[in-house]
Structure formats: structure tokens, C-alpha cells
Undergrad: 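Take this structure, written in C-alpha cells, and hold onto it; I'll ask about it next.
The structure presented is a predicted model; accordingly, all values stated were derived computationally and were not measured. Naming convention: chains lettered A, B, ... in sequence-line order (proteins, then strands); numbering from 1 in each chain.
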Number of protein chains: 2
Amino acid sequence: MKHIADSTVRRLSAYLRFLEDFEHRGLTTISSDELAKQGGTTSAQVRKDLSFFGSFGKRGLGYSVPELSGRLREILGLSQHWRVIIIGAGKIGAALAQYRGFRQRGFSIVAAYDNNPEKIGRTLEGIPVRDIAQIEHDIQREAPEIAVLTVPAEAAQPMLDRLVRAGIHAILNFAPTQLQAPPEVTVKTVNMAMELEGLSFALTNRE
Amino acid sequence: MKHIADSTVRRLSAYLRFLEDFEHRGLTTISSDELAKQGGTTSAQVRKDLSFFGSFGKRGLGYSVPELSGRLREILGLSQHWRVIIIGAGKIGAALAQYRGFRQRGFSIVAAYDNNPEKIGRTLEGIPVRDIAQIEHDIQREAPEIAVLTVPAEAAQPMLDRLVRAGIHAILNFAPTQLQAPPEVTVKTVNMAMELEGLSFALTNRE
DNA sequence: TTTAACTTGTGAATGAATTCACAAGCGCAT
DNA sequence: ATGCGCTTGTGAATTCATTCACAAGTTAAA
């Protein structure tokens, strides 16, 4: 398949959210223009994004809301369940563990891991906290697909290497550091410091 | 000034992090190539990024670490302090309140706000939780520059409007929703659901 | 059946970001 | 002083992403 840009995938994800809203309100069709207005983009962009995957609309009418949302879920891989593990049972890990958006979209958090003996054996928002020492064993046994990394910056790269060796192919990183991973592993980084600095730049450099 | 792309600002922010590392280790000069390797980019990209703001390097030698990091801090607006308020004293708010990266970079969290009477008057990681009803009054009095929005999705847009009317120009949004704001207001959104869906897409569509 | 009002899907055009490639400058060794 | 090895700064070339613009398809009304 032709390479799909990251920005395109993000927009698909946004479209799906609006479609679910529409579905909820009982509407059956939607035009690229309405979708665009919601997502802060243009109708041509919406149609182009969708055209990478097929043609789902009806000329003169628009898109069927249930059909398009179904297709988007397929495209994004949301028609299957993904098992998620959280590495690092700190505050951020806890905030994520209770975040309802995960389960709503087919991501189930199976366990959290930490190296602090006081945390191991307890639960984090109902999710068991296990010893990080057993991570390789658990990955082999339970085959989670996605790992969320909420460890201190200096521990992030070694932990990523360890997860990759154990067979993880998708990582959501919250440590404020640039990570290296082999090409078959996808890493997304959420860096709050970077976002804040973007705001600082905008505040400083506006005329 | 010429318009600077968002991607450029993000990279500058990454460069600064490495420079601080280098500074810490007592190194005095660095080449665009070393900076690039750390940041997962190319030396030409590093030089182009910096060239928008001046020429800071010495041919044949590279960049002075303390000088370049100082210049980047200026460019990013980090030589001044920014006051931050957190709107929504839930789990994410708490995780952010204790995040050390903020203070380290000159962002000080002055207060959190909530509408839950059980939370108002208490503290969140040492930060006072105040009644959201007094937000306009406080903004006028304390003039915070940045608001972090950690409220439920459906409350985000009305709250943004309220903050903008009260004089806020920079918003870091954690609600999983697309927000509309006037052009003089900068909004950055951190959307975990979107990142996860990006991983789901990558897992699904790899050959 | 014809017409009018819409809306899609998509090549072509434009615009933006990245990479190339090289002249020019700097430091060190000889 | 001269030459060599290294690195910057930057126009030009290229690649990537977005927007334009319109033929073709659909519905509904007359």
C-alpha cells in the first residue's frame, strides 16, 4: 500500500470522532464539507484523505454515517481489540489507567509494571501492578501489542530496548526524550514540555 | 518575521534538551551532525532550522554549547517565567501538577481550578485548588499567561471561550476534542486517543 | 423526461518542508 | 604561510502535502 502520512491518520481519527457524534444523534448522511468544518480542515482534504482507502461516498449526497464510521474503524484497526500494558505506575500511569477513552475504543489495559516493591502487588485504578522483572515472561504469555511508557527520561531508552526485544511493536512514550527504535517498531511520543515550549514560543513571537 | 513552522519549533525544543545534556557533561562545542543524530534528523535540517534566527555557529568548528542553548532559550521564550493555571483538578491535572519538567523550564503553576466543592480549598500536589467561579477575577488579578485544560470533552469548548474572554492567549488542551479559538490565541492539543489510534493503524497496516 | 442543485473523486497546480550540494570560513599541523 | 580537514550557511532541487477546479454521478422537483 502507498505510504500514508501521519497527518492523514490523525485526521481520520478526528473524522471518526465526529461521525460517532453524528451517529449518536441519529443522522444518517454527512458531506465532506460538514466533516471538514468540524475538523478545522477543507472538504477537498477530507475527500483526498478518504480516497487513499477507496471511495465511500455517493455523489450528490455525501457519505453514509454508519458505513463511513465502520470503514474508518476498519482502516484504523479499531475493529479488533488491542492489549495495552503500562510501564511505570506513577501519577501519569494512574491518570492513563483510569482514562475511559481507552476502553471505549477497544484498548484494554491488562497490567501495569513498576520496580517499586511498595507498588508491586497493589492495583492502579483496578489494574494489577506487577514486578517489572517479570515483563519478558508476561509479554510472551499474554502477547500485549502496545506498551505505554511512563518511566523517568533516563530509564526510557533501556526500557524501550527491553520491550522491543521481548516482542512489542508499538510504544506510546510519555518520557520527555527522543527514543531510537528499529523500523518495524512504531513509537509515538507525547511530550508536554515540548508543547509548553511551543506555547511559550507563540506568546513570545507574536506581533 | 517570516512564519516559522510548528515542526521547526518542536525540533528547536528537542535541540535545546540535548544541548542541556551536553552542557551538563561539560562539553563546549557541538556540530550540527551530532545534534542531528541525537534528534533523529539530518545536519542540513538542523542548520536550516537555526538559520531562520541567525547564524550561531563557527565554520570548521560547530556551535558553542552554552551560546547556542542560551540563544535557543531566548528564541523559545524561556528566558522569562510563565505563569500557568490548570483547569480541572482531576487525575490528569494532578499528574501535571507534580510534573517537575514544568518548573525546571520556567513554567510555574500558580493555581488549579475545579467546580467540585469537595476539591475546592484543598491542594493538588501543593497547588491550591480554587473555585472555577472566580477564574475571571483571578486572571485579571494574577495575569497568568497559559491555561492547561483538563476538563471533560463536552466542557472544553465553553471553558476555552471563557478563558479567552478573560484574557488567556495560550492553551494546552488535554480534552479529546477539536477546539475553535480566535487567531490571536494559540491552542495545542494533546490527544492520547489519537496517538493510540495512530499505533493501531501502524500495527494493522504494516506488511 | 428534463432541469437544477448538490456532492464526490481525482488529476493538475500550487505551496510547504526537507534534502542536496557546495562555496566560504575556521583551526591546526607542518 | 600554506595546505588539509572539517563544518557552517544557504540557494537550488527535490520531495511531500494541500488546495483547486471540474467532469461525472445522484436526487428531487417540475
Side-chain angles (χ1 to χ4, degrees), chain A residues 1-15 18-19 22 27-72 75 178 194 198 201 205, chain B residues 1-15 18-19 22 27-72 75 178 194 198 201 205:
Chain A
M1 191 214 279
K2 199 178 159 302
H3 176 254
I4 302 296
D6 212 67
S7 50
T8 299
V9 178
R10 299 179 73 82
R11 282 192 300 267
L12 293 179
S13 181
Y15 303 154
F18 303 134
L19 285 169
F22 264 65
L27 301 169
T28 59
T29 60
I30 186 171
S31 69
S32 58
D33 197 52
E34 291 169 282
L35 220 32
K37 285 216 185 70
Q38 293 291 315
T41 179
T42 66
S43 64
Q45 180 77 81
V46 172
R47 297 199 300 277
K48 182 68 86 182
D49 286 341
L50 297 176
S51 77
F52 294 132
F53 303 95
S55 52
F56 312 128
K58 270 206 169 53
R59 290 165 195 241
L61 190 60
Y63 301 88
S64 149
V65 171
E67 189 202 324
L68 185 56
S69 65
R71 299 304 303 265
L72 284 179
I75 290 165
Q178 173 75 24
M194 203 173 264
F201 178 82
N205 301 70
Chain B
M1 192 214 279
K2 199 177 158 302
H3 175 254
I4 303 295
D6 212 65
S7 50
T8 299
V9 178
R10 299 179 73 82
R11 282 192 300 267
L12 293 179
S13 180
Y15 302 155
F18 304 133
L19 285 169
F22 263 66
L27 301 169
T28 58
T29 60
I30 187 170
S31 69
S32 59
D33 197 53
E34 292 169 281
L35 220 32
K37 285 217 185 72
Q38 292 291 315
T41 178
T42 66
S43 63
Q45 180 77 80
V46 171
R47 297 199 300 278
K48 183 69 85 182
D49 286 341
L50 296 177
S51 77
F52 294 133
F53 303 95
S55 51
F56 312 128
K58 270 205 170 55
R59 288 164 196 244
L61 190 59
Y63 300 88
S64 150
V65 171
E67 190 202 322
L68 185 56
S69 66
R71 298 305 302 267
L72 283 179
I75 290 164
Q178 173 76 25
M194 203 173 263
F201 177 83
N205 302 69

Undergrad: Quick one, which residues of residues 59-69 of chain B touch DNA chain C with a heavy atom under 4.0 Å?
TA: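 Per residue number, the list reads B:R59, B:G60.
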
Undergrad: C:dA17 C1' sits how many Å from B:L12 CG, rounded?
TA: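 Rounding to the nearest Å, CG of B:L12 and C1' of C:dA17 are 14 Å apart.
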
Undergrad: When the distance from CZ of A:F53 to P of C:dT8 is rounded to whole Å, what number comes out?
TA: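 Going from CZ in A:F53 over to P in C:dT8 covers 18 Å.
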
Undergrad: Closer to the 5' end of DNA chain D via nearest nucleotide, is it A:F52 or B:L50?
TA: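 With A:F52 and B:L50 compared, the 5'-side residue is B:L50.
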
Undergrad: To the nearest 0.5 Å, how far apart are CZ in A:F53 and CZ in A:R71?
TA: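 A:F53 atom CZ to A:R71 atom CZ measures 10.5 Å (nearest 0.5 Å).
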
Undergrad: Any idea which of D:dA17, D:dA21, C:dG11 is nearest the A:S7 side chain?
TA: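 Nearest listed nucleotide: D:dA17.
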
Undergrad: Under 4.0 Å between any heavy atoms, over every strand shown, what does A:T8 touch: base, sugar-phosphate, or nothing? Just pick one.
TA: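 No contact at all - A:T8 keeps every heavy atom at 4.0 Å or more from the nucleic acid.
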
Undergrad: Where the side chain of A:A5 is defined as all heavy atoms beyond and including C-beta, which of C:dT8, D:dT8, D:dA17 is the nearest nucleotide?
TA: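 Within the option list, the nearest is D:dA17.
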
Undergrad: Please give, in whole Å, the distance from C:dC22 C1' to B:K48 NZ?
TA: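 That distance rounds to 13 Å.
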
Undergrad: What's B:F56 touching, base or sugar-phosphate or nothing? Going by heavy atoms closer than 4.0 Å.
TA: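 Answer is sugar-phosphate: B:F56 comes under 4.0 Å of backbone atoms only.
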
Undergrad: Consider the side chain of B:R47, meaning its heavy atoms from C-beta on, and name the nucleotide among C:dG9, D:dG9, C:dC26 that approaches it most closely.
TA: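 For the B:R47 side chain, the nearest candidate turns out to be D:dG9.
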
Undergrad: Roughly, in whole Å, what's the span from NE2 in A:H3 to C1' in D:dA17?
TA: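 A:H3 atom NE2 is separated from D:dA17 atom C1' by 12 Å.
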
Undergrad: Does the A:S69 side chain pair with the main chain of A:V65, one donor and one acceptor, at a distance under 3.5 Å?
TA: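 Yes; judged by distance alone, with no hydrogens or angles, the pair exists.
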
Undergrad: Rounded to the nearest 0.5 Å, how far does CG of A:L72 lie from CZ of A:R11?
TA: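 Those atoms lie 12.5 Å apart.
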
Undergrad: Would you mind reading off the distance between B:D49 atom CG and D:dT10 atom P, rounded to a whole angstrom?
TA: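 To the nearest whole Å, that distance equals 14 Å.
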
Undergrad: Whole angstrom is fine here: how far is it from CD1 in A:I4 over to P in D:dC16?
TA: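 To the nearest whole Å, that distance equals 13 Å.
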
Undergrad: State the CG-OH distance between B:L68 and B:Y15, to the nearest 0.5 angstrom.
TA: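 Separation between the atoms: 10.5 Å.
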
Undergrad: Answer yes or no: does a side-chain N or O of B:S32 lie under 4.0 Å from OP1 or OP2 of D:dT8?
TA: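 Indeed, a polar side-chain atom of B:S32 lies that close.
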
Undergrad: Test side chain to side chain donor-acceptor pair (under 3.5 Å) on A:T42 and A:Q45; report intermediate values, then the result.
TA: CA-CA 5 Å; A:T42 66; A:Q45 180 77 81; 5.3 Å; no

Undergrad: Can you confirm whether the side chains of B:R47 and B:S43 place a donor and an acceptor under 3.5 Å from each other?
TA: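 The criterion, which ignores hydrogens and geometry beyond distance, is satisfied for B:S43 and B:R47.
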
Undergrad: With respect to A:R10, which candidate in A:L12, A:D6, A:T8 satisfies the side chain to side chain contact (heavy atoms under 4.5 Å, CB included) definition?
TA: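 Testing each of A:L12, A:D6, A:T8 against A:R10, the sole residue satisfying side chain to side chain contact (heavy atoms under 4.5 Å, CB included) is A:D6.
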
Undergrad: Which one, D:dT26, C:dT10, D:dG9, comes nearest to the side chain of B:S55?
TA: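 That would be D:dG9.
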
Undergrad: Provide, to the nearest angstrom, the distance between the CZ atom belonging to B:R71 and the P atom belonging to D:dT8.
TA: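 The distance from CZ of B:R71 to P of D:dT8 comes to 17 Å, rounded to the nearest Å.
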
Undergrad: Could you state the atom-to-atom distance from CZ of B:R10 to P of C:dA17 in whole Å?
TA: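 After rounding, the gap between these two atoms is 14 Å.
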
Undergrad: Please state whether the phosphate of D:dT19, meaning OP1 or OP2, lies under 4.0 angstrom from any side-chain nitrogen or oxygen of A:Q45.
TA: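 Yes, such a contact exists.
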
